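Here is the structure we will look at, set down as structure tokens.
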Amino acid sequence: MQFQSLNIIEPILKAIDEEGYTIPTPIQEESIPIILRGNDLLGCAQTGTGKTAAFAIPILQLLSRDRTYVKKRKIRSLIVTPTRELAIQIGESFKAYGRHTGINCTVIFGGVNQNKQTSSLQGGVDVVVATPGRLLDLMNQGFISLRDIEIFVLDEADRMLDMGFIRDVKKMLAVLPKKRQSLFFSATMPPEIIKLASTILYHPNEVSVTPVSSTVDIIKQSVYFTDKGKKNALLVDILKDKSIKTALVFTRTKYGADKVARVISKQNIKAEAIHGDKSQNARQRALNNFKAQTIRVLVATDIAARGIDVDDLGCVINYEIPNIPETYVHRIGRTGRAGAEGTAISFCDATEKAYLKDIEKLISKSIPVIDDHPFPLMDHNPEPKPKQQQGRGKQGHARPKPSGNNKQKKWYGKPKTTR
Ligand code: AMP
């Protein structure tokens with residue numbers, strides 16, 4: 001199918017073509033017609049399969065179709081997302097796909113001075129992409145009104161509706177117009193969240209192009225059992241492989257991220273850390289350095305787990321296994337994007353085996369074990385006592401060659417030119 005068959009208007013088709021997209025991805029093919037009809041939507045698709053364009057393209061089209069020429073633009077669409085980096089990225093996508101439509105977009109996020117954001121709001125905007133804290137803050141200060149919102153999007157909807165953000169979302173819902181279109185998207189959707197979402201959405205269409213919470217097959221996953229104290233050495237050993245051009249390493253804590261970044265920097269591997277205790281400028285700088293490949297390794301907490309799109313990121317390493325299985329799906333989804341190959345390696349010590357089991361249950365896959373490595377797990381019963389778990393048998397897999405950044409085009413044609 002071509003984008004033309006989705007009845008997309010010329011200015012957007014032109015921008016999509018400039019991005020290098022030739023055919024819509026499955027989530028785009030299914031979601032765009034539903035959104036253009038004005039229906040609510042609960043959309044689930046694997047990481048890196050084009051969810052942003054699946055909502056950005058039809059929103060831009062709806063807004064430019066019904067454009068009313070008023071003196072000052074009103075905010076007609078609001079996209080809320082959990083992290084600042086993701087908000088910035090979604091804003092860039094709106095600007096790219098909407099560049100010939102005349103629809104404008106502003107990104108609102110915390111950790112930076114608000115003046116630039118408020119002055120662009122005062123100039124009038126059609127679309128706001130925001131993180132919840134700064135959005136509510138600017139609403140309280142009277143810079144933002146949600147009165148005219150026609151289309152409301154929760155990106156990473158399961159995260160937005162969980163305990164960390166639900167109170168903020170409820171505050172927004174209380175002031176959003178009752179008559180509106182609501183679109184919720186994520187790669188993971190725990191059942192209790194689907195239940196909650198269905199109380200907010202109005203007769204939603206559900207689009208789930210692959211099993212919910214599944215991982216894309218193109219990501220080569222593996223697990224290394226090792227002791228906690230050997231993880232640094234194992235990481236350095238793995239990074240000796242020069243075919244790993246860039247790696248995103250996830251740790252559970254901010255302190256851990258700094259420490260791992262320090263350890264590998266000492267081994268002459270260019271690395272930086274990104275986490276919530278860094279200033280927003282430092283966060284953005286680290287991410288940009290990583291995207292530009294001026295550093296080889298970015299060590300991150302889960303603020304980088306969702307949505308972030310880094311071209312040619314070939315390898316994700318879970319230095320620690322996440323205790324929430326959905327987080328694993330999002331973390332490894334930073335690689336294997338847009339049909340490119342990817343490798344996801346996880347280090348698992350004895351205390352983390354239970355988390356690994358939960359992950360395998362969620363993704364309905366068993367992750368191959370690599371056991372010919374120099375730092376095997378010795379201490380099977382470290383203190384504090386782990387949850388009673390069955391050990392995994394050795395499966396004798398060879399260490400996989402990280403895939404680097406060979407792009408294998410799957411559902412699209414010529415490579416995109418800009419972003
Ligand atoms: P997303 O899941 O929205 O973060 O998108 C993942 C990646 O796929 C991004 O790098 C997009 O630029 C790219 N992408 C989205 N839609 C298409 C398409 N139809 N054809 C080619 N690439 C796409």
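Please read all numbers here as calculations on a predicted model, not as lab measurements. Note that the numbering runs from 1 along the sequence shown for the chain. Because only heavy atoms are used, hydrogens play no part in the values below, and waters and symmetry mates are left out as well, while side chains stay in.
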For the pair Ser214 (side chain) and Thr210 (backbone), establish whether a donor and an acceptor sit closer than 3.5 Å, ignoring hydrogens and angles. no
If you count the non-hydrogen atoms of other residues, nucleotides and ligands that lie under 6.0 Å from CD1 in Ile324, is the total more than 12? no
How long is the straight-line distance from CG of Asp137 back to CD of Gln141, given to the nearest 0.5 Å? 4.5 Å
Is there a side-chain contact (heavy atoms from CB on, under 4.5 Å) between Phe3 and Ile23 once you walk through the steps? CA-CA 6 Å; Phe3 277 106; Ile23 53 166; 5.6 Å; no
Measuring from Lys361:NZ to Leu356:CG, what's the distance to the nearest 0.5 Å? 13.5 Å
Close side-chain approach of Phe152 to Gln181, heavy-atom, < 4.5 Å: no
Side chain of Ser31, backbone of Gln28: donor and acceptor closer than 3.5 Å? no
What do the steps show when you test Arg296 against Ile244 for side-chain contact (heavy atoms from CB on, under 4.5 Å), and what is the final call? CA-CA 9 Å; Arg296 183 169 167 228; Ile244 303 179; 4.0 Å; yes
I'd like to check Pro24 versus Leu6 (side-chain heavy atoms, cut-off strictly below 4.5 Å). Are they in contact? yes
Do Val129 and Thr106 touch side chain to side chain, with heavy atoms closer than 4.5 Å? no
Residues Glu272 and Asn289: side-chain donor-acceptor under 3.5 angstrom: yes
Heavy atoms of other groups near Lys365 NZ, more than 12 under 6.0 Å: yes
Using side-chain heavy atoms (C-beta onward) and a distance below 4.5 Å, is Phe347 in contact with Ile238? yes
Answer yes or no: is there a donor N or O on one side and an acceptor on the other, between the side chain of Arg331 and the main chain of Ala344, under 3.5 Å? no
Residues in ring-ring contact (aromatic ring centres under 6.0 Å, His included) contact with Phe55, at least two apart in sequence or another chain: Phe185
For residues Glu320 and Arg252, report the shortest heavy-atom separation together with the two atoms involved. OE1-N, 2.6 Å
Just list the side-chain donor-acceptor pairs under 3.5 Å for residues 36-44, sequence neighbours left out, or say none.
unit_1, atom_1, unit_2, atom_2, d
Asn39, ND2, Asn205, OD1, 3.2
Asp40, OD1, Ser182, N, 2.8
Asp40, OD2, Tyr202, N, 2.6

For Ile90 and Leu86: C-alpha separation, side-chain torsions, deciding distance, then whether side-chain contact (heavy atoms from CB on, under 4.5 Å) applies. CA-CA 6 Å; Ile90 294 172; Leu86 192 47; 4.1 Å; yes
In the structure I gave you, are the side-chain heavy atoms of Tyr255 and His275 within less than 4.5 Å of one another anywhere? no
Which atom of Gln117 lies closest to which atom of Val107, heavy atoms considered: CG-O, 3.8 Å
Rounded to the nearest 0.5 angstrom, the CD1-CD1 distance for Ile8 and Ile32 is 4.5 Å
Taking Arg99 for its side chain and Lys14 for its backbone only, find out whether a donor-acceptor pair lies under 3.5 Å. no
How far does CZ of Arg283 sit from CD1 of Ile88, to the nearest 0.5 angstrom? 8.5 Å
Reported OG-to-CZ distance for the pair Ser346 and Phe225, which is rounded to 0.5 angstrom: 10.0 Å
For Leu201 versus Leu183, what's the shortest heavy-atom pair and its separation? CD2-N, 4.4 Å
Side-chain (Ser145) to main-chain (Arg147) donor-acceptor, under 3.5 angstrom: yes
Could you tell me whether Glu85 and Lys291 make a salt bridge, using a distance below 4.0 angstrom between a side-chain N and a carboxylate O? no
Got Tyr21 and Asp17 here, is their nearest side-chain heavy-atom distance under 4.5 Å? no
Can you find a heavy atom in the side chain of Thr101 that is under 4.5 Å from one in the side chain of Gln61? no
Sidechain-backbone polar pair: Gln267 side chain, Ile264 backbone, donor-acceptor under 3.5 Å: no
Lys231/Asp349 salt bridge by N-O under 4.0 Å criterion: yes
Which heavy atom of Ile370 sits nearest a heavy atom of Ser222, and at what distance? CG1-CB, 3.6 Å
Flag yes if more than 12 heavy atoms outside Lys95 fall under 6.0 Å of its NZ atom; otherwise flag no. yes
Non-neighbouring partners of Val216 that pass side chain to side chain contact (heavy atoms under 4.5 Å, CB included), sequence neighbours left out: Gln46, Thr49, Ile218, Ile219
Whether Asp302 and Lys254 form a salt bridge (side-chain N of Lys/Arg under 4.0 Å from carboxylate O of Asp/Glu) is what I want to check. no
Between the side chains of Ser279 and Asn281, does any donor sit under 3.5 Å from an acceptor? no
Do Tyr328 and Asp358 get their side chains close enough for a donor-acceptor pair, meaning under 3.5 Å? no
Distance-only, no hydrogens or angles: does the Arg159 side chain make a donor-acceptor pair with backbone N or O of Glu156 under 3.5 Å? no
Per side-chain contact (heavy atoms from CB on, under 4.5 Å), Leu78 is matched among Ile151, Leu135, Ile108 by Leu135
Gly110 backbone acceptor or donor facing Arg84 side chain under 3.5 Å: yes
Smallest separation among heavy atoms of Met172 and Val80, with atom names: SD-CG2, 3.8 Å
Could you tell me whether the side chain of Phe94 reaches within less than 4.5 Å of the side chain of Ile59, counting heavy atoms only? yes
Option passing side chain to side chain donor-acceptor pair (under 3.5 Å) with Arg306 (candidates Thr327, Thr47, Asp158): Asp158
Any idea which heavy atoms bring Asn115 and Asn113 closest together, and the distance? N-OD1, 2.7 Å
Between CZ on residue Phe109 and CG on residue Leu138, distance to nearest 0.5 Å: 11.5 Å
So, Arg334 side chain and Leu313 main chain: donor-acceptor pair closer than 3.5 Å or not? no
Taking the basic N atoms (NZ, or NE/NH1/NH2) and the acidic carboxylate oxygens, is any pair closer than 4.0 Å for Arg76 and Asp148? no
Glu150 and Lys74 ion-paired at < 4.0 Å: no
Could you walk me through whether Val169 and Leu154 pass side-chain contact (heavy atoms from CB on, under 4.5 Å), step by step? CA-CA 9 Å; Val169 172; Leu154 279 188; 4.2 Å; yes
Assess, by modelled atom type and distance only, whether the side chains of His100 and Glu18 contain a donor and an acceptor separated by less than 3.5 Å. yes
Has Gln89 got a side-chain atom pairing as donor or acceptor with Asp309's backbone, closer than 3.5 angstrom? yes
